[in-house]
Amino acid sequence: MPPCLDVYVWLPECSSEVLGRFIESYVKAADDDERLHTHIRAHTQGGADDVATLYLKARDHYQASITFTRDGATVLGLSVDAPDDLPQTLRLAEQLMEQLRQQFAAPAGCAGVELPPAGDRSEWHEEAWVLLRTGELTF
């Protein structure tokens with residue numbers, strides 16, 4: 001199995017409406033599975049003290065993810081297979097990142113091979129595994 005290139009966008013605040021649009025657009029979920037919607041309601045209404053990441057089956061990508069960060073933000077992610085042609089995969093990742101940023105009004109995006117989602121702003125700014133970065137987070 002080839003490695004994955006993970007593409008993420010940062011949402012400083014997130015509503016259940018935004019999460020619903022992400023799920024409708026990118027997640028392949030069973031219609032009768034209420035667990036996902038229950039989890040989203042719990043996090044958007046009450047928040048969490050620590051990081052929680054949901055890894056989900058994606059419609060047209062290897063995987064989708066939703067991360068609720070320590071500081072109340074949300075990181076939306078899509079993973080794509082990264083076969084031998086990494087430059088071509090990076091170009092596709094850049095296009096996907098811009099699509100996600102526009103679709104969800106995200107101020108920033110990043111991508112990297114087997115890159116875990118950031119759990120807070122300081123992790124978002126770490127450069128070790130990031131291959132692409134766009135936009136900027138303001139404090």
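Worth saying up front: this structure is predicted, and the values here are computed from it rather than measured.
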- Would you say Phe104 and Leu11 make side-chain contact, with heavy atoms under 4.5 Å? yes
- Message: For Ser79, give me all partners under side chain to side chain contact (heavy atoms under 4.5 Å, CB included), at least two apart in sequence or on another chain.
- Response: Cys4, Asp6, Tyr62, Gln63
- Closest heavy-atom contact between Ala93 and Val7? CB-CG2, 3.7 Å
- Item | Those residues that, when tested against Thr134, pass side chain to side chain contact (heavy atoms under 4.5 Å, CB included) (two or more places apart) | Met97, Glu98, Arg101
- Message: Between Leu137 and His125, is there a side-chain heavy-atom distance shorter than 4.5 Å?
- Response: yes
- Message: Arg21: which residues meet the side chain to side chain donor-acceptor pair (under 3.5 Å) condition with it, sequence neighbours left out?
- Response: none
- Looking at residues at least two apart in the chain, or sitting in another chain, which of them share a salt bridge (Lys or Arg N to Asp or Glu O under 4.0 Å) with Asp71? none
- Hits for side chain to side chain contact (heavy atoms under 4.5 Å, CB included) against Ala64, two or more places apart or cross-chain, chain-then-number order -> Phe22, Val27, Leu56, Ala58, Leu78
- Message: Checking side chain to side chain donor-acceptor pair (under 3.5 Å) between Tyr26 and each of Arg59, Gln103, Lys57, His61, which is the one that passes?
- Response: Gln103
- Message: Could you check whether any side-chain heavy atom of Thr67 comes within less than 4.5 Å of a side-chain heavy atom of Leu76, counting everything from C-beta outward?
- Response: no
- Indicate, with yes or no, if Val9 and Leu92 share a hydrophobic cluster defined by side-chain heavy-atom contacts under 4.5 Å among Ile, Leu, Val, Met, Phe, Trp and Tyr. no
- Message: Less than 4.5 Å apart, side chain to side chain, heavy atoms only: is that true for Phe68 and Leu54?
- Response: yes
- Do the side chains of Val75 and Thr69 get nearer than 4.5 Å, heavy atoms only? yes
- Go through the structure and list residues passing side chain to side chain contact (heavy atoms under 4.5 Å, CB included) with Arg133, not counting sequence neighbours. Cys110, Trp124, Glu127, Val130
- Task: Would you give the length of the straight line joining atom CG of Leu90 to atom CD of Gln95, rounded to the nearest 0.5 angstrom?
- Result: 11.5 Å
- Task: Look up atom CG in Leu132 and atom CG in Leu5, then write down how far apart they are to the nearest 0.5 Å.
- Result: 7.0 Å
- Spell out, as yes or no, whether a donor-acceptor pair under 3.5 Å connects the side chain of Glu123 to the backbone of Gly119. yes
- When hydrophobic residues are tied together by side-chain contacts of less than 4.5 Å, even through go-betweens, does Tyr55 share a cluster with Leu96? no
- Message: Any non-hydrogen side-chain atom of Val113 less than 4.5 Å from a side-chain atom of Leu131?
- Response: yes
